[in-house]
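Here's the structure we're looking at; comments come further down.
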Amino acid sequence: MGILSDDVVIISQSEKEGEPSVITINCPDKTGLGCDLCRILLFFGLNIVRGDVTTDGKWCYLVFWVIGKPNTRWNLLKMRLVEASPSFSWAFGISRCYLSDSESQPPKIPDLFLLKLACSDRTGLLYDVTEVLYKLEINIEKVKISTTPDGKVMDLFFVTDTRELLGTGKRREEVYEYLRDAIGDSLISYDIELVGSEITARSQASSSVAETLFSSDVSGEQPSGGLHTSSNVSISVDNSLSPAHTLIHITCQDHKGLLYDIMRTFKDFNIQISYGRFTIKRGRNCEIDLFIVQSDGRKILDSSKLNALVYRLRAELQQPLRVVMMNRGPDTELLVTNPVELSGKGRPQVFHDIALALKKINTCIFSAEIGRHVTGEREWEVYKVLINEEDSLPVPRSKIEEQVWNTLMGWE
């Protein structure tokens, strides 16, 4: 029982480069659906310039105006959006005992693989590898990268495969061919093996890192350290305009993943959006109006819940990621962190964008790690990159920090 994917997701591609394409999604509703869809759009590198969301709690209708790229894989995007949409049966409230086994079971935990690469070091090597993995829909869950004194690099990527085919010889051969074409003669050895999920267990950041990145979360203050999108984030709440909904009005500066950050916050708070509109005005100024309800379908009247929601939204919009430079003995370490959804999903393409930013300013990477840190009730992904200043032209630390920030924000 179901509906055709052509009816669930319709993509009208723009005829001129730079003009928005229109993505229409018509499917049953669920709490957090907007977050899941915006996460996919962020993964595919699309810039949302306008959005409309309408739902009656059972069925939803979403329209996104997006700016794509010349290499946007529209057919694959449509497939992933359809897969994220709830099944047709949900719309009619059919009991779970009547659903198929695949619909009634919790999501399957994907297999975890260890990708081992040995290469000769060069500027931009890490970006070339992450770009290949991105194109092949292979997700980096954790990484350990180190450089030997003789200029060799050992890359250990703990990865999952969106297509769930990495256990097959054909898929592994495909990955090897793409990596060989991208890395060239620098590739020395390559191997993929299935590993246990315990490899991705949480690892706490050091005390100095934690104090630098998470002090505001411990103290309960708004984040002050690091770069910010803008100090002009305005969030107002109105419970008088609608008898059934709470209105959240937001004005802020646009950045890459803006709608995802908003939707992720609502998903973590278990809040449903009944109607929403997002538009970009002149420059990077955005206006968002959202009519929301609690999971029980009622407006939010509890002032403590509203204050907590507004506080979180403001923090996410001012500083969706945290980027700082630290001294590590005589060396320089770049630290980037972002919140993890309550579902356990991290932000897409962060490591890819870090590698891209460093490549743009010809900065070499000596070592890199991805881990997770828990502070209070929140979990964070932490990216630690040790800069190889000996093999790179001297670049001011402020420029490195600014380049990484701008790339992550999509401002260039």
Side-chain angles (χ1 to χ4, degrees), residues 25 27-39 48 50-64 86 90-91 93 216-223 229-254 257-279 281 285-320 339-345 375-379:
I25 303 169
C27 67
D29 194 16
K30 69 171 183 179
T31 301
L33 176 61
C35 171
D36 299 340
L37 297 175
C38 288
R39 188 179 191 278
I48 304 173
R50 181 182 166 192
D52 283 315
V53 178
T54 304
T55 179
D56 61 1
K58 293 184 178 180
W59 199 273
C60 66
Y61 185 76
L62 306 96
V63 185
F64 297 105
W90 282 40
S216 62
D217 297 278
V218 175
S219 65
E221 299 175 353
Q222 289 286 349
T229 57
S230 171
S231 59
N232 297 322
V233 175
S234 173
I235 304 175
S236 61
V237 179
D238 191 335
N239 264 321
S240 63
L241 188 62
S242 169
H245 303 88
T246 296
L247 169 62
I248 301 288
H249 178 74
I250 302 171
T251 57
C252 62
Q253 190 174 25
D254 187 28
L258 170 63
L259 268 190
Y260 167 70
D261 291 322
I262 294 173
M263 297 295 185
R264 169 174 51 82
T265 302
F266 285 135
K267 181 180 181 180
D268 286 352
F269 275 74
N270 201 24
I271 288 174
Q272 298 174 333
I273 299 174
S274 298
Y275 174 77
R277 173 164 289 179
F278 163 83
T279 54
K281 303 294 185 179
N285 298 319
C286 300
E287 288 192 7
I288 304 106
D289 288 303
L290 301 166
F291 289 83
I292 62 174
V293 294
Q294 302 176 117
S295 57
D296 60 5
R298 299 178 181 178
K299 64 163 58 179
I300 308 173
L301 298 175
D302 188 327
S303 59
S304 61
K305 290 182 179 179
L306 283 174
N307 291 337
L309 175 62
V310 170
Y311 171 87
R312 177 69 63 82
L313 280 172
R314 190 183 305 279
E316 300 295 349
L317 296 180
Q318 286 183 338
Q319 206 172 39
V340 175
E341 295 178 29
L342 289 181
S343 63
K345 294 180 180 179
T375 174
E377 298 180 352
R378 304 195 71 188
E379 186 176 16

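Values below: all heavy atoms of this structure, side chains included; hydrogens, waters and symmetry mates excluded.
Looking at residues two or more places apart in sequence or on another chain, you find a side-chain contact (heavy atoms from CB on, under 4.5 Å) between V293 and H245, Q272, S274. For D36, the salt bridge (Lys or Arg N to Asp or Glu O under 4.0 Å) partners two or more places apart in sequence, or in a different chain, are K30, K267. Listed by chain and residue number, R50, W65, Y275, R277 satisfy the side-chain contact (heavy atoms from CB on, under 4.5 Å) test with D52 (two or more places apart in sequence, or in another chain). For the side-chain contact (heavy atoms from CB on, under 4.5 Å) test, residues two or more places apart in sequence or in another chain that qualify with N239 are T246, K299, L301, L306. Residues passing the salt bridge (Lys or Arg N to Asp or Glu O under 4.0 Å) test with R264 are D261, E316, sequence neighbours excluded. For D302, the side-chain contact (heavy atoms from CB on, under 4.5 Å) criterion is met by S304, K305, not counting sequence neighbours.
Summarising the geometry, atom CG belonging to L317 is positioned 6.0 Å from atom CG belonging to L313; distances are rounded to the nearest 0.5 Å. Taking CG from L62 and CG from D29, the interatomic distance works out to 8.0 Å, rounded to the nearest 0.5 Å. How far CG of D254 is from NZ of K281: 13.0 Å, rounded to the nearest 0.5 Å. Between the CZ atom in F291 and the CG atom in D238 there is a gap of 8.0 Å [rounded to 0.5 Å].
Side-chain contact check for L309 versus I292: some heavy-atom pair is nearer than 4.5 Å. Between P320 and T229 there is a side-chain heavy-atom pair separated by less than 4.5 Å. Side-chain contact between I273 and T55 is absent, with no heavy atoms from C-beta onward closer than 4.5 Å. F278 has its side chain out of reach of V53: every pair of non-hydrogen atoms, C-beta onward, lies at least 4.5 Å apart.
If you run side-chain contact (heavy atoms from CB on, under 4.5 Å) between C286 and each of L258, T251, I262, only L258 comes through.
Residues I235 and R314 share a closest heavy-atom pair of CD1-N, 3.5 Å. Between P28 and C60 the shortest heavy-atom distance is O-SG, 3.9 Å.
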### Task
Could you give me the CA-CA distance, side-chain angles and deciding distance for L247 and L290, then say whether side-chain contact (heavy atoms from CB on, under 4.5 Å) is met?
CA-CA 6 Å; L247 169 62; L290 301 166; 5.8 Å; no

### Task
Kindly indicate, with the supporting measurements, whether the criterion side-chain contact (heavy atoms from CB on, under 4.5 Å) is fulfilled by I288 and C252.
CA-CA 9 Å; I288 304 106; C252 62; 4.1 Å; yes

### Task
Any chance you could lay out the side-chain contact (heavy atoms from CB on, under 4.5 Å) test for I271 and I300, step after step, and finish with the verdict?
CA-CA 9 Å; I271 288 174; I300 308 173; 3.7 Å; yes

### Task
Apply side-chain contact (heavy atoms from CB on, under 4.5 Å) to the pair Y260 and I48, showing each step before the final yes or no.
CA-CA 10 Å; Y260 167 70; I48 304 173; over 6 Å; no

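Side-chain atoms of R378 do not come within 3.5 Å of backbone N or O of P339 as any donor-acceptor pair.
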